[in-house]
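Just follow the structure's listing: the first ligand is 1, and inside any ligand the first atom is 1. Count residues from 1 along the sequence.
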Amino acid sequence: MKAYLYDRLMSTIERRKLHQVRKLLLSSIGGRVVEFGAGTGVNFALYSEEAEVTAIEPDNTLREEALKKIGERRISLIDASAEELPFEDDTFDHVVITLALCTIPDPSRAIGEAKRVCRRGGTLLILEHIRNENKLLALLQDILTPPWKIFAIGCHLNRDTLSLIEENSFERISLNYFFGRNFVWGSYRNIK
Ligand SMILES: C[S@@+](CC[C@H](N)C(=O)[O-])C[C@H]1O[C@@H](n2cnc3c(N)ncnc32)[C@H](O)[C@@H]1O
């Protein structure tokens, strides 16, 4: 995906809502942080000085763009996939995943890796779009996902991301729904 195109496509929704949500989610966390699927590095400027961030991004073009946003920040960026992380167990205090669980090919394995590399009692912070609770709207998401996936480079509109997280020993701390309960941001405690 061309980084320029991604940032352009997202600019309106970022300005309207996502930037504010990202800020609420990320600006007060400190300690060792791993971010999955950092894309063009849209979150980088929002981390505090107290956060030591390791970001992973498997797409070369997006990674190059994200590199430019690091500057003097305590952020390292590596080429890796969320399903197979090159980190020891319990390495991080926080795992950050924003708008990536919809795209990661095997989200179940990625959540398993999140649980493994995050210490017990650490947190998983998410911003995601989710499967609609309304059965008819969820069916519509199922129908739209195949064409949408082609347009939106692998993004699944219909993934039941919250169930996936909650079935994997993450305990809900807080969740905030927006855009008609199609999006959510919040945090979970790792109770592995
Ligand atoms: C929709 S973009 C979101 C980018 C950014 N996190 C954000 O909040 O805007 C999805 C990201 O997931 C990344 N991705 C896809 N497969 C992945 C995988 N197996 N492991 C980690 N990231 C992956 C993509 O390269 C892309 O950067």
Side-chain angles (χ1 to χ4, degrees), residues 1-27 29 33-47 51 53-70 73 75-87 91-92 94-118 124-131 141 144-145 147-159 161 164-165 168 176 178-179 182-187:
M1 187 195 312
K2 290 285 162 276
Y4 168 77
L5 188 62
Y6 182 78
D7 281 349
R8 281 292 295 265
L9 280 174
M10 295 295 286
S11 64
T12 306
I13 186 173
E14 284 289 343
R15 258 199 326 274
R16 266 190 64 204
K17 183 76 182 176
L18 296 185
H19 181 76
Q20 174 203 351
V21 165
R22 292 177 193 278
K23 225 168 157 176
L24 289 167
L25 188 68
L26 303 176
S27 60
I29 57 170
V33 179
V34 61
E35 181 178 331
F36 288 9
T40 59
V42 65
N43 291 328
F44 290 177
L46 302 173
Y47 288 110
V53 181
T54 303
I56 66 151
E57 173 50 57
D59 181 290
N60 293 338
T61 318
L62 295 179
R63 212 172 46 253
E64 270 170 34
E65 188 60 30
L67 257 181
K68 296 180 199 161
K69 299 202 178 99
I70 292 180
R73 299 185 171 88
I75 296 175
S76 54
L77 178 60
I78 63 170
D79 178 6
S81 291
E83 295 95 332
E84 198 169 356
L85 294 174
F87 309 122
T91 302
F92 298 100
H94 309 283
V95 178
V96 169
I97 314 181
T98 64
L99 306 180
L101 283 169
C102 52
T103 304
I104 291 170
D106 189 339
S108 183
R109 268 182 74 193
I111 289 294
E113 281 293 84
K115 191 166 72 173
R116 182 182 70 77
V117 301
C118 182
L124 168 65
L125 300 151
I126 60 154
L127 156 62
E128 293 289 337
H129 62 79
I130 51 170
R131 187 172 184 82
Q141 289 176 321
L144 289 175
T145 288
W148 175 254
K149 253 169 61 182
I150 298 165
F151 168 75
I153 333 265
C155 167
H156 297 69
L157 284 173
N158 58 347
R159 278 199 177 151
T161 297
L164 188 72
I165 293 170
N168 269 286
N176 308 274
F178 63 105
F179 289 157
N182 287 304
F183 279 69
V184 70
W185 67 275
S187 58

Relative to each other, are the rings of F183 and F179 parallel, tilted or perpendicular (30° and 60° limits)?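 If you compare the ring of F183 with that of F179, the planes turn out perpendicular.
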
Can you find an N/O atom of [X] closer than 3.5 Å to an N/O atom of ligand 1?
X: E57; value: yes
X: N43; value: no
X: E35; value: no
X: F36; value: no
X: I56; value: no

Within the 4.0 Å heavy-atom shell around [X], which atoms of ligand 1 are there?
X: D59; answer: 25 (O)
X: T98; answer: 3 (C), 5 (C), 6 (N), 7 (C), 8 (O)
X: L62; answer: 25 (O), 26 (C), 27 (O)
X: P105; answer: 16 (N), 19 (N)
X: V42; answer: 7 (C), 8 (O), 9 (O)

[X] and [Y]: which non-hydrogen atoms are nearest, and at how many Å?
X: T145; Y: Q141; result: OG1-O, 2.7 Å
X: A80; Y: P86; result: CB-CD, 3.9 Å
X: C118; Y: V95; result: CB-CG2, 3.8 Å
X: D106; Y: E83; result: N-OE2, 3.0 Å

Where on A110 is there a heavy atom closer than 4.0 Å to ligand 1, on the side chain, on the backbone, on both, or on neither?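 Under 4.0 Å from ligand 1, A110 contributes no heavy atoms.
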
Identify which of [options] has a heavy atom lying nearest to [atom].
atom: atom 21 (C) of ligand 1; options: P107, A82, G39; value: A82
atom: atom 12 (O) of ligand 1; options: A100, A80, C102; value: A100
atom: atom 19 (N) of ligand 1; options: M10, E14, E83, E128; value: E83

Not counting sequence neighbours, which residues clear side-chain hydrogen bond (donor to acceptor under 3.5 Å, both in side chains) with S27? List them please.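 Checked S27 against side-chain hydrogen bond (donor to acceptor under 3.5 Å, both in side chains); zero matches.
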
With side chains defined as the heavy atoms from C-beta onward, is the minimum distance between [X] and [Y] less than 4.5 Å?
X: M10; Y: L18; value: yes
X: R159; Y: L101; value: no
X: H129; Y: C155; value: yes

Of all residues at least two apart in sequence or in a different chain, which pass the salt bridge (Lys or Arg N to Asp or Glu O under 4.0 Å) check with E64?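 Applying salt bridge (Lys or Arg N to Asp or Glu O under 4.0 Å) to E64 gives none.
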
What do you reckon, does C155 put a non-hydrogen atom under 4.0 Å from ligand 1?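 No heavy atom of C155 comes that close to ligand 1.
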
Heavy-atom contact under 4.0 Å between R22 and ligand 1?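 Per 4.0 Å heavy-atom rule, R22 contacts ligand 1.
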
